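Before any comments, here is the structure.
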Amino acid sequence: MPKAQLFITCLADQFYTSTLQNMTHLLEKLGVELVFPPGQTCCGQPLFNNGFEDKTRAVALNFMQAFAKSDAPIVGPSGSCVSMVKHHYPELFPAGTPEYNLARDTAARTYEFTEYLVNVLKVLDVGAVFPHKVTYHASCHYLREMGLKTEAKTLLGAVKDLELIPLKEEDTCCGFGGAFTVTYPEVSRAMMENKVKHIMASGADTVVMCEPGCLMNVAGGLHKAGSNIRAMHIIDLLSAR
Amino acid sequence: MSDPMHSSLTDIRQGIEGIRRALGRETQAPLTNPRPAVYPAYQAKTPAESTAAFLVEIGKLSGVGKNVTPASLPVDFSALVSENNIQKAVVWHSDWFTELGIENSLRSLGVELVSPNADKLEMAQCDLGITSADYLLPETGTLVLRSSAEKPRAVSLLPRMHLAIVRPEMLRADLHQVFAEAKDSHYLVFITGPSRTADIELTTTLGVHGPKNLFVWMMPQNGGSS
Amino acid sequence: MTTETIPYIGFEEYSEHIPQTIPAAVQQATSRFVGGRAARVSELPHWEQLRQIASDIRLHTIDNMDIYLNRFVEKVQAAGGIVHWAATAEDARQIVLQIAKEHNVKLAVKAKSMATEEIELNHALQAAGIEALETDLGEYIIQLAGTGPSHIIVPAVHLKKEEIAALFSEKLHMNAPSDPIELARIAREKLREKFLSAEMGVSGANFLVAETGTMVMVTNEGNGRMCTSMPDLHVAVVGIDKIIPDWESLTVFLKLLARSATGQKLSTYTQFITGPRREEGEFGPKEFHLVLLDNGRSKIMKDPIGRQVFKCIRCGACENVCPVYKNVGGFAYGYFISGPIGAIFAPQMLGTQVARELPYASTLCGACADVCPVKIPIPTILRHLRRRVAQGDEVAGPSMPVPIRAMAGMASMALGWNWIYRFGTGILPFFMSVFKRGEWIPSAPYPLNRWTKARPLPPFNASFRNWWRAHSRVARENTK
């Protein structure tokens with residue numbers, strides 16, 4: 001029976017409890033034995049991306065130590081958080097040190113959720129039913145840093161009665177960018193409004209994505225624009241019956 | 001620093017030495033391994049296919065390309081001159097052009113000929129500049145021209161129209177061949193279509209500072225000596 | 001060394017005060033170029049291979065720049081060209097002024113050159129009583145308007161034809177119609193007499209080929225040819241980073257440049273100039289000067305990550321896909337090179353005291369890195385420069401304001417010590433529930449008000465950990 005550790009991410013921890021519950025149920029239904037290391041906090045991405053590399057190390061060490069108690073793979077619902085661990089943790093520590101080796105080991109066994117389903121468990125159809133017109137926003141780090149170009153659409157393609165509608169400028173940034181929303185709020189707003197405009201013009205009643213950060217931004221923007229379009233994390237959509 | 005006009009070799013050497021130190025390179029260290037530029041180049045086709053492809057590209061660039069023969073030239077020139085109100089023209093000096101009788105054809109149509117060695121103000125009055133080319137690139141519809149007193153750069157630049165009379169043997173498949181043959185030339189210009197800009201509201205406008213019209217006449221192999 | 005102070009670049013402030021016409025105009029240009037690029041890229045199935053070769057050649061050249069520069073200088077001199085070294089912008093200005101004075105230059109005609117904008121050459125020439133005229137149509141327009149460029153390839157794209165007509169009418173004392181073709185014709189006429197009478201032509205170069213001492217100019221209008229063929233004197237001002245090894249390398253860059261920039265296969269005119277003319281009747285300059293511009297580039301060479309910015313071939317493809325740039329245009333960057341490449345170039349050239357906001361003018365989305373023909377890792381360099389701003393490095397001390405650095409320190413503690421985190425996230429929902437209205441938090445206190453002014457926050461929840469404890473207890477009981 002495969003075993004996996006839940007990496008819940010600080011954003012989903014704070015704002016998307018139901019998504020994390022759905023992630024738990026979905027993976028257990030697929031026969032995965034789950035572990036949740038409670039010592040986890042955040043991957044450190046907000047500090048790292050903003051140039052506070054020295055201050056990131058303590059956060060990364062906390063993460064790695066929390067997940068070192070088991071050697072099972074680590075699965076998270078965010079491409080950007082997983083990318084932080086996979087691609088940037090080894091950069092934080094000098095080569096040859098125990099921390100560096102721990103980072104290499106942790107990086108090697110951390111997966112994004114859709115990546116874990118499609119590429120590790122080799123599951124393409126989770127038995128979801130979602131009779132709606134759905135459009136997909138391709139999150140930047142998920143797409144470009146993680147290189148996950150087809151996994152989400154493969155999973156959506158297997159959902160019963162789902163009609164996938166193309167989104168104009170599908171892979172254009174929604175303007176979240178972590179701290180960017182508070183560093184340059186007006187530019188972030190303009191980018192968000194551009195994304196919302198395309199979603200509203202798509203003809204879909206639902207927009208789905210694989211990042212809690214993008215989701216916060218887009219869902220809020222759709223609400224502000226007075227739209228009834230529902231914004232969902234792919235995990236919630238795949239849990240629909 | 002010393003007199004800027006005579007920036008001595010010392011200043012230059014010192015400046016470059018500063019770069020070497022900044023890079024952390026050892027003195028006299030040889031080049032690290034270069035990456036050769038090896039990749040699939042545009043493939044040579046048969047001369048007929050290349051010629052056809054070349055003329056198609058000229059058309060895409062808003063140039064006008066066609067096939068001509070020595071026998072058709074008088075009619076071609078007559079049409080060109082009357083349709084475009086050509087009053088003054090300047091022509092490259094070349095044995096081939098002399099054989100083809102280009103200057104005579106033009107004179108007989110009432111066109112005034114300006115010498116290619118005329119002063120720039122006079123040449124700027126010309127309606128038409130006629131050149132040949134040294135090489136042609138079919139993938140991009142490019143004319144490659146060297147420069148000399150007999151074949152000055154300005155002939156393809158100053159007049160409002162440029163006519164290039166060329167032959168299939170000038171075709172080269174790709175940049176590699178042209179560069180291999182021409183890199184020691186002190187001047188080369190690649191001409192890929194008429195002068196253009198999109199600077200004003202992205203509206204494409206032809207003939208900003210260079211010629212507005214580009215005509216390319218392709219003459220087959222047996223059309224005169226080389 | 002110049003003592004002029006460089007003004008602080010307030011990206012946040014500039015980006016909040018842009019006329020709405022600018023993003024709209026910029027987006028028209030960028031979508032045209034993106035479409036063109038896509039069409040040309042699909043014609044070359046080995047496009048990715050070309051990018052990799054180009055990237056490798058550029059890195060190799062940077063690593064060996066001194067050797068290639070030495071080779072280049074020798075060859076230009078052997079071809080009869082005169083080479084100068086300008087350690088600073090002021091040196092470059094003085095060199096060009098001196099050359100102009102020695103030749104009694106009254107009028108200089110300029111082809112489009114980023115290097116001459118970098119050193120602000122026009123001001124210096126004008127101050128010395130020499131008319132310095134931009135001849136590229138877009139540059140001519142913004143010179144008349146007295147503004148900087150809004151886009152690297154089409155610098156006047158933010159101006160409507162009516163505005164340009166009004167500008168021509170005012171500055172050229174005429175009645176100019178609002179028709180782009182007519183306006184271009186007016187510019188052609190006005191500039192032709194200048195090309196034919198100018199004593200000096202000034203240009204930049206796109207590439208310097210070390211193998212033969214050749215400078216390459218990639219243009220479309222013909223003004224580049226005019227500036228370098230009509231006057232008897234040609235002065236080229238070129239950044240040392242333009243050096244490439246040989247003509248074989250040039251094939252790769254010429255395949256990539258126009259396609260990446262505008263979607264053309266090749267620009268209309270590409271010139272390859274090696275020294276002055278050899279015969280009088282052929283046109284071209286009798287005297288050719290090449291000013292190699294350092295202006296801080298050699299300092300940047302010490303930084304192996306930062307110096308990758310010198311791979312740039314100035315195509316503008318990064319701008320065309322950047323969602324930040326497309327919403328603000330070129331002026332917001334406060335530098336003559338804008339967009340993603342500007343955000344990594346300016347902080348290195350001007351320093352992170354003055355340009356500390358620029359590395360943050362990005363969501364690190366990575367769209368730029370995908371299209372860069374020479375594979376500059378722009379997001380990596382942005383993070384590298386953010387490190388310099390936030391915590392400092394060998395090049396400069398931190399320039400991030402102290403309160404923000406303090407907040408980052410607190411965040412690091414809160415996130416690094418999991419009991420602080422759990423405590424904090426445990427009580428946060430209670431505090432934030434005050435601000436909840438229905439399903440959303442429409443307005444939150446500082447610093448989250450900067451979020452909520454654009455869109456509401458979802459409610460703070462953080463109940464997963466409790467849920468898991470119950471869930472796993474049930475699971476354990478079920479397996480007994």
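This structure is a prediction, so every number in the text was calculated from the model and none was measured. Below, read A as the first sequence line, B as the second, and so on, with proteins coming before strands; counting in each chain starts at 1.
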Specify the closest pair of heavy atoms between [X] and [Y], including all atoms of both residues, with the distance to one decimal.
{"X": "C:R32", "Y": "B:L202", "value": "NH2-O, 2.8 Å"}
{"X": "C:T135", "Y": "B:H209", "value": "O-NE2, 2.9 Å"}
{"X": "B:L157", "Y": "C:M230", "value": "CD2-CE, 4.1 Å"}
{"X": "B:M123", "Y": "C:F283", "value": "CE-CE1, 3.6 Å"}
{"X": "B:D199", "Y": "C:G138", "value": "OD2-N, 2.9 Å"}
{"X": "B:A124", "Y": "C:L196", "value": "CB-CD1, 3.6 Å"}

Heavy-atom cut-off 4.5 Å, strictly under: side chain, backbone, both or neither for [X] against chain B?
{"X": "C:V73", "answer": "side chain"}
{"X": "C:T228", "answer": "backbone"}
{"X": "C:I240", "answer": "side chain"}
{"X": "C:E280", "answer": "neither"}
{"X": "C:L44", "answer": "side chain"}
{"X": "C:L266", "answer": "both"}
{"X": "C:I153", "answer": "backbone"}
{"X": "C:L69", "answer": "both"}
{"X": "C:L50", "answer": "side chain"}
{"X": "C:P155", "answer": "both"}

Report the option among [options] that has the most heavy-atom pairs separated by less than 4.5 Å from atoms of chain C.
{"options": "B:R13, B:R20, B:Q14", "value": "B:R20"}
{"options": "B:S147, B:S185, B:G193", "value": "B:S147"}
{"options": "B:L61, B:V144, B:T203", "value": "B:T203"}
{"options": "B:A154, B:G210, B:G18, B:P40", "value": "B:P40"}
{"options": "B:T205, B:V189, B:L188", "value": "B:L188"}
{"options": "B:I19, B:L175, B:N117, B:L23", "value": "B:L23"}

Tell me whether the rings of C:H46 and B:Y39 are parallel (<30°), tilted (30 to 60°) or perpendicular (>60°). parallel
State which residue, out of C:E279, C:E282, C:R278, C:R277, fulfils the side-chain hydrogen bond (donor to acceptor under 3.5 Å, both in side chains) condition with B:H186.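 Testing B:H186 for a side-chain hydrogen bond (donor to acceptor under 3.5 Å, both in side chains) against C:E279, C:E282, C:R278, C:R277 leaves exactly one candidate, C:E282.
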Between B:S156 and C:R225, is a side chain to side chain donor-acceptor pair (under 3.5 Å) present by the stated rule, with each step listed? CA-CA 10 Å; B:S156 61; C:R225 291 178 67 192; 2.6 Å; yes
Just by distance, do the side chain of [X] and the backbone of [Y] share a donor-acceptor pair under 3.5 Å?
{"X": "C:K161", "Y": "B:E201", "answer": "no"}
{"X": "C:R188", "Y": "B:G207", "answer": "yes"}
{"X": "C:N64", "Y": "B:T32", "answer": "yes"}

Portion of B:P211 that has a non-hydrogen atom of chain C nearer than 4.5 angstrom: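 Answer is both: backbone and side chain atoms of B:P211 are under 4.5 Å from chain C.
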Taking C:N220, C:D56, C:T251 one by one, which has the highest count of heavy-atom pairs under 4.5 Å against chain B?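 Option with the greatest count: C:T251.
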